[in-house]
Amino acid sequence: MKKTFISLLLSVLFAQGCREEYLPPAIATKNNFLVVEGFINSGNDSTIIKLSRTKNLSDTTFEIPELNATVIIRGKSGSIFNLPHQGAGRYASAPLALNSTDEYQLKINTAGGSSYESDYVKVKQTPEIDSISWKQDRDATIFVSTHDATNSTRFYRWEFIETWEYHSYYDSNLGYDYVANQLFYLDSSQLRTVCFLSARSTDVYLSTSKNLSDDVIENFPLSEIPNGSDKIGVRYSILVKQYAMSQTAFQYWQQIRKNAKELGSIFGTQPAELIGNLHSITNPNEPVIGYMSASSVSEKRIFIRNNQLVNWSSRSSQDETCEPILTIPDSASYYLQNFRDLGPAYFITGGGLAIAKKTCV
């Protein structure tokens, strides 16, 4: 028995001694490639291009913006549009007077002396969104539908911005001054029981009618909101933006989606290099991350109120979390001074104070 134990111990020590950290070249090599985000907007809104640099997995810097570059849009006909630097690597222009029959490219000259440009791209006209709809089984799902009567779009991408109103569990008008150690009533400008929050979509939403006789996208699912979510606790809005794109741009965004969503399992898709239409003129072997398109944008917004839903349990899910602590006046200061995650909720009839988590008041 003793010999067996010693053999097992030696095996474990031997295995640990042979373990080495593996750093593939893609991780060990210092990467500093240009990343180009945005598109050439041919509609009635600004064109915004964001420039940054890639970083290694071990880097602690959140973002590396490319500052003080010269960014222009150039047409094959010779027209030129400047995009001044707005700070933090963002370059923008007012709405552009683009010729729908012309082709355009993005040209970038960095402060460090490097030059980049995109291929020339045609201007796509994005059809209107037919409808934004929703249905509730248990959760609520948002859908988009569109079509192009000329059958010339075929490839679509969507983004959206969600905005929702939410209320605190307690409609409290009380505040607490930690320095003076006393309660006070909030005035109308200090009330915090009604709030609004917005969030942008983070996934890649794509669809194509390439294999259909008609250029129609019907009830494509954009967002699923789980039952009980505060997003539709009171009132919810979603603003959907639709982009027409070329087949090559569609394939680029497809690869982004696959790299982001379909990796990680033993049978999953293998990561692939993103081949865009931007190139380094200074160093042709240098990769550039991004794909430049030119199109107009279609938008549509809908609202959903909580009273339109069935058995939406957002408030009941807070019942246990927001259970109040009932105190006498002398104890209130102790709780509020020593537990800074608590706040005053309401006065108790006959004296005393109800205290709850700040997220509930």
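Just so we're clear, the structure is a prediction, and the values are computed from it rather than from any experiment.
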Can L206 and Y156 be said to form a side chain to side chain contact (heavy atoms under 4.5 Å, CB included), step by step? CA-CA 6 Å; L206 304 169; Y156 299 85; over 6 Å; no
Which residue in the set R90, E37, M292 passes side chain to side chain contact (heavy atoms under 4.5 Å, CB included) when paired with I49?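 Filter result, single survivor: M292.
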Residue from T150, T153, T146 passing side chain to side chain contact (heavy atoms under 4.5 Å, CB included) with D215: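 With D215 as partner, T150, T153, T146 yield a single side chain to side chain contact (heavy atoms under 4.5 Å, CB included), made by T153.
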Please lay out, stage by stage, how K107 and E117 fare under the test salt bridge (charged side-chain N to carboxylate O under 4.0 Å, His left out). CA-CA 4 Å; K107 292 185 67 67; E117 65 181 31; 2.8 Å; yes
Hphob cluster co-occupancy, Y116 + I80, side-chain heavy atoms under 4.5 angstrom: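 Unlinked, Y116 and I80 end up in two clusters.
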Checking S118 against Q105: is there a side-chain donor and acceptor pair closer than 3.5 Å?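 Looking only at side-chain atoms, S118 and Q105 do not form any donor-acceptor pair under 3.5 Å.
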Y166 six-ring face occupied by R235 cation (under 6.0 Å, within 45°):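 Cation-pi check for R235 and Y166: fails.
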Find out whether the Lys NZ or Arg CZ of K231 is both under 6.0 angstrom from the six-membered ring centre of Y236 and within 45° of the ring's axis.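 No, K231 and Y236 do not form such a contact.
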Begin from the C-alpha positions of W312 and I225 and carry the test side chain to side chain contact (heavy atoms under 4.5 Å, CB included) through to its verdict. CA-CA 11 Å; W312 198 262; I225 304 172; 4.0 Å; yes
Go through the steps to decide whether W134 and T141 satisfy the test side chain to side chain contact (heavy atoms under 4.5 Å, CB included), and finish with yes or no. CA-CA 5 Å; W134 63 277; T141 306; over 6 Å; no
Centres of the Y178 and Y176 rings: under 6.0 Å?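 Ring centroids of Y178 and Y176 are less than 6.0 Å from each other.
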Is it true that, when you exclude R305 itself, more than 12 heavy atoms of the residues, nucleotides or ligands shown sit nearer than 6.0 Å to its CZ?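 Open: at most 12 neighbouring heavy atoms sit under 6.0 Å from CZ of R305.
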Taking it one step at a time, do H147 and D214 satisfy side chain to side chain contact (heavy atoms under 4.5 Å, CB included)? CA-CA 8 Å; H147 80 285; D214 295 322; over 6 Å; no
Name the residue from K55, R53, K50 that meets the side chain to side chain donor-acceptor pair (under 3.5 Å) definition with E63.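 Only match with E63 under side chain to side chain donor-acceptor pair (under 3.5 Å): K50.
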